[in-house]
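Take a look at the structure below.
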Protein chains: 2
Amino acid sequence: MTSTADAARPPGRPRSVRADEAIVEATLDLLAEGSTIETISVEAIAARAGVGKATIYRRWPGKDALLRDALRRLKGDPPQPSGGSVREDLITLVSAIGHNVDPRAAQIMPCLVPEMKRSPEQYAFYQSIVEPRRAAMREVLRRGVREGELRADIDIEVTMAMLTGPMLIQRVLNWNPDLDEATLPEKVVDGVLAGIRAR
Amino acid sequence: MTSTADAARPPGRPRSVRADEAIVEATLDLLAEGSTIETISVEAIAARAGVGKATIYRRWPGKDALLRDALRRLKGDPPQPSGGSVREDLITLVSAIGHNVDPRAAQIMPCLVPEMKRSPEQYAFYQSIVEPRRAAMREVLRRGVREGELRADIDIEVTMAMLTGPMLIQRVLNWNPDLDEATLPEKVVDGVLAGIRAR
């Protein structure tokens, strides 16, 4: 969020950036504490952040845009595959699925689940987070096909679901208590690759 | 829930079975309308069912036992694989994952998700529903190994996660709007089998 003009200012984070961060942090704290995407208000966020509402509206056109940024901040940047083998890149991506650096994510992300089919706005938020991650996985698989490491006839979207599904259900639901989450990414990738490698 | 003594009674459902059903239906209706497993009360269920609380406590030792039965009723009986090919049996089981005959399930089941990691009671309810389904899938895979259709060295629990995960995330979250849910069970089963069939 810094611009080149900031380089000429005195040292220390510019006040506008500190306000942005305080607003996003306040948003995430309130969501983690039990506000929902519907019930959270710009008023409450402003109060928690110690800023005026006008400060928020100068930066974000509305609550939805702020929530979208806050959720993106919560999940962090998508992992960057190194571009090595398909196996290594898939393990990098699969290991990150459902993995949360920010502890508030464990409170916030599962609460989106009941809303996915009943709130188009919340579905759009969720898709805005996961589509870039799907795109990264899609590109690894397409590269594998192009370079002859994977069969040309694979169904890439179904393959992505087979790579993603196990990690999500295990990390969000603890679906099967007998599964070892630490070794699951590697085992899922190897299990999927066994069916899609070129012969 | 009928006993042999019921056969000697006049025709028509015995009053006790009607009360049981009314109680379970009231429970599911209240959950679908927004009560949570924590907030729902035996008082409210009794009032909705038109019975006294004593009627409920004669049949169930407490709220938890009633909720367990109600959730089992909601999800229905696990599908019965025909015992034909591994592929057919897996398609039968995978097609049922996240599939709900009772429309109230679409309201109730996703609301369990945020509770899985914070409520041991709700986690136990959920496991009581899914463990029989996992057991059925485990048996199909073990039979496939015994009969030489599947490789002996496959990781059965990971294979089950690869079969279950895609259907759950697609049906509960609509994870990838570009996936066709109708053909997904067959595609997932074929994708997994490609990696585990005996050579």
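Because the structure is predicted, anything quoted here is derived from the model rather than measured. By convention in this document, chain letters (A, B, ...) are assigned in the order of the sequence lines, proteins followed by strands, and residues within each chain are numbered from 1.
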- Whatever's closer than 4.5 Å to a heavy atom in chain B on Leu173(A) counts as both
- If you tally heavy-atom pairs under 4.5 Å between each of Val192(A), Leu193(A), Val188(A), Val158(A) and chain B, the highest tally belongs to Val158(A)
- Note on the structure: Nearest heavy-atom approach of Ala161(B) to Pro166(A) is O-CG, 3.5 Å
Candidate polar pairs, chain A side and chain B side, donor-acceptor under 3.5 Å:
residue	atom	partner	partner atom	Å
Lys117(A)	NZ	Arg171(B)	O	2.5
Tyr123(A)	OH	Asn174(B)	O	2.6
Tyr123(A)	OH	Asn174(B)	ND2	3.2
Gln127(A)	NE2	Trp175(B)	O	2.9
Arg134(A)	NH1	Trp175(B)	O	2.8
Glu157(A)	OE1	Asn176(B)	ND2	2.7
Arg171(A)	O	Lys117(B)	NZ	2.5
Asn174(A)	O	Tyr123(B)	OH	2.6
Asn174(A)	ND2	Tyr123(B)	OH	3.2
Trp175(A)	O	Gln127(B)	NE2	2.9
Trp175(A)	O	Arg134(B)	NH1	2.8
Asn176(A)	ND2	Glu157(B)	OE1	2.7

- Query: At a heavy-atom separation under 4.5 Å, does Met109(A) approach chain B through its side chain, its backbone, both, or neither?
  - Reply: neither
- Name the region of Met160(B), side chain, backbone, both or neither, that has any atom closer than 4.5 Å to a heavy atom of chain A. both
- Item | Partner chain A: residue of Ala106(B), Gly191(B), Pro177(B) with the largest heavy-atom pair count (under 4.5 Å) | Pro177(B)
- Item | Closest approach of Pro114(B) to Pro110(A) (non-hydrogen atoms, all atoms of both residues) | CG-O, 3.4 Å
- Message: If the condition is side-chain contact (heavy atoms from CB on, under 4.5 Å), which residues does Val145(B) pass it with, not counting sequence neighbours?
- Response: Leu150(B), Ala152(B), Ile154(B)
